[in-house]
Amino acid sequence: MKTVKKKDKKEILDQITRCPECGSTHLVRDYEHGELVCEDCGLVIDETYVDQGPEWRAFDAAQREERERTGAPMTYTIHDKGLSTEISWKNRDSYGRPVPTRTRAQLYRLRKWHRRIKVSSSADRNIADALQIMERMAANLDLPKDVRETAALIYRKAVRENMVRGRSIESVVAATLYAACRQLKIPRTLDEIASVSRVSKKDIGRTYRLLSRTLGLGISPSEPEDYIERFCSRLRLSGEVKKKAYAILRRAKELGVGRGKGPTGVAAAAIYIAALQVGERRTQREIAEVAGVTEVTIRNRYKELVDKLGIEVEV
DNA sequence: AAGACGAAAGTGGTTGA
DNA sequence: TCAACAACTTTCGTCTT
């Protein structure tokens, strides 16, 4: 599988004209989040949805031969970045002839040691372990490839800075995933990350702060806007609601409403109001569920927004 | 009966002396 | 190290649809 190069992502998203779910052509492009969103059914099409095959097409074997000019792409999610030699498991020599039984045993031993040598230093072993854990968590959270690559890169830096010793690999991995999501502006809450790891939310938060400080990641605090896409699509709300919610947040920001408050709560309230206005009512309970806050918090933010923005909500 | 509302007390973390 | 503090949660009774 090929990794989608960052600069190509936009082009690839541009090529999609139809929602694979409902076939609608009303697609909203949101390059900042690397997403394409169907206005009709709310499906979020991100790069994991995109065909990740080669960028060329081959019409016969000869063309394939000619065009296939590179090996596997470099990746940060394999501990040696996928650049090391692999010994094939096939008992064939380089000409494709079968290897005689006499030398097979030799070949087996060679493979065994080669595998062992590949993961040699303790740092390598640590990274190999960590990437496995990371893969598990990322898969549970449905995180796009981009995030995994970023997280892997951050983890490598953390190892280089000797940050892992004395801390559990699990907590550092969780923190890097959290950081990677934030950096790519598709934040997950600490709760979400904690739910797929064996360490506490508190631990992850602490490790994240340390990570951010020592590596100088310079990640700004997340904003309510960053959550609108995801919450709305989980609530199956239309593009119109999203637009309204964004508009509400923009005005709220100008007036300084909700500053210093938890961004998920503000996002949840904005969505609640927007859904009411458009007539796609969702209960506070439902929204609270996906936003990971309580109904009370939604009510409080909701009240502030309605009061300070002078929004009329007809019941 | 479910949802919305709001008061009051509780929780875990930050801040500043 | 401790207390004050802000944000948020939990809990519960009441009102609305």
Side-chain angles (χ1 to χ4, degrees), chain A residues 42 141 163 166-168 170-179 181-182 186-228 230-232 234-238 241 244-245 248-315:
Chain A
L141 289 170
M163 280 188 51
R167 255 174 286 278
S168 72
E170 182 111 4
S171 71
V172 179
V173 166
T176 58
L177 276 175
Y178 180 68
C181 287
R182 293 266 304 258
I186 44 173
R188 303 291 124 138
T189 59
L190 274 177
D191 275 315
E192 287 173 293
I193 306 269
S195 74
V196 297
S197 78
R198 257 164 297 168
V199 287
S200 69
K201 184 176 150 187
K202 193 168 123 192
D203 246 337
I204 300 173
R206 185 167 356 111
T207 312
Y208 164 74
R209 272 203 306 282
L210 189 73
L211 204 63
S212 177
R213 194 150 3 100
T214 51
L215 299 185
L217 297 178
I219 296 170
S220 46
S222 64
E223 308 210 346
E225 293 92 311
D226 299 331
Y227 295 95
I228 297 293
R230 199 154 55 89
F231 291 169
C232 280
R234 276 214 241 155
L235 289 163
R236 320 232 88 209
L237 285 164
S238 70
V241 176
K244 269 253 158 62
I248 291 167
L249 289 179
R250 212 173 311 125
R251 285 185 56 209
K253 203 181 210 171
E254 282 165 18
L255 295 170
V257 181
R259 223 175 329 161
K261 302 293 197 301
T264 48
V266 178
I271 291 172
Y272 180 65
I273 296 171
L276 279 182
Q277 287 178 333
V278 177
E280 297 180 40
R281 191 187 190 97
R282 292 289 124 82
T283 64
Q284 295 180 350
R285 179 92 209 85
E286 288 172 305
I287 298 177
E289 180 91 23
V290 303
V293 295
T294 60
E295 296 143 79
V296 180
T297 303
I298 293 184
R299 285 201 285 276
N300 291 336
R301 294 299 92 77
Y302 161 78
K303 229 181 107 177
E304 285 168 18
L305 286 173
V306 170
D307 285 351
K308 305 239 172 92
L309 301 191
I311 295 172
E312 296 285 331
V313 189
E314 68 277 24
V315 195

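No hydrogens, no waters, no symmetry mates; every other heavy atom, side chains included, goes into these values. A note on names: the letters A, B, ... follow the listed sequences, proteins ahead of strands, and every chain is numbered from 1.
Distances shown here put a side-chain N or O of A:R301 below 4.0 Å from the OP1 or OP2 atom of C:dC8. Residue A:Y302 has no polar side-chain atom (N or O) positioned under 4.0 Å from OP1 or OP2 of B:dA4. For B:dT14, the OP1/OP2 oxygens have a side-chain nitrogen or oxygen of A:R209 closer than 4.0 Å.
Protein atom CD of A:E286 is 8 Å distant from nucleotide atom P of B:dA4, rounded to whole Å. Summarising the geometry, the separation between NZ on A:K303 and C1' on B:dA7 is reported as 12 Å, rounded to the nearest angstrom. Counting to the nearest Å, the C1' atom of B:dG13 and the CG atom of A:D203 are 14 Å from each other. Rounded to an integer number of Å, the gap from CD1 of A:I287 to P of B:dC5 is 11 Å. Nucleotide C:dC8 holds its C1' atom 13 Å from the CZ atom of A:R299, rounded to whole Å. Taking atom CD on A:Q284 and atom C1' on B:dA2, their separation rounds to 12 Å, with Å as the unit. If you measure from atom CG of A:N300 to atom P of B:dA9, you get 16 Å, rounded to the nearest angstrom. Summarising the geometry, the separation between CZ on A:R206 and C1' on B:dG12 is reported as 13 Å, rounded to the nearest angstrom.
In this structure, of C:dT10, B:dG13, B:dA4, it is C:dT10 that holds the atom nearest to the side chain of A:V296. Distance from the side chain of A:K261 is smallest to C:dA7 among C:dA7, C:dT11, B:dT14.
In this structure, A:K202 and A:E295 both approach DNA chain B, and ranking their closest nucleotides by distance from the 5' end singles out A:E295.
Crowding of A:K261 atom NZ: a count of heavy atoms from other residues, nucleotides or ligands under 6.0 Å exceeding 12.
Taking a cutoff of 4.0 Å between a charged side-chain nitrogen and a carboxylate oxygen, A:R285 and A:E289 qualify as a salt bridge. Ion pairing between A:E254 and A:R251 fails under the 4.0 Å rule for side-chain N and carboxylate O.
Using a 3.5 Å distance cut-off with no hydrogens or angles, the side chains of A:E192 and A:T189 do pair a donor with an acceptor.
Base engagement by A:T294 is indicated by at least one non-hydrogen atom pair under 4.0 Å involving a base atom. Contacts of A:G205 with the nucleic acid, taken as non-hydrogen atoms under 4.0 Å apart, are absent.
Taken to the nearest 0.5 Å, the CZ atom of A:R230 stands 8.5 Å off from the CD1 atom of A:I186.
Look at B:dA17: its Watson-Crick or wobble partner, with both distances under 3.5 angstrom, is C:dT1.
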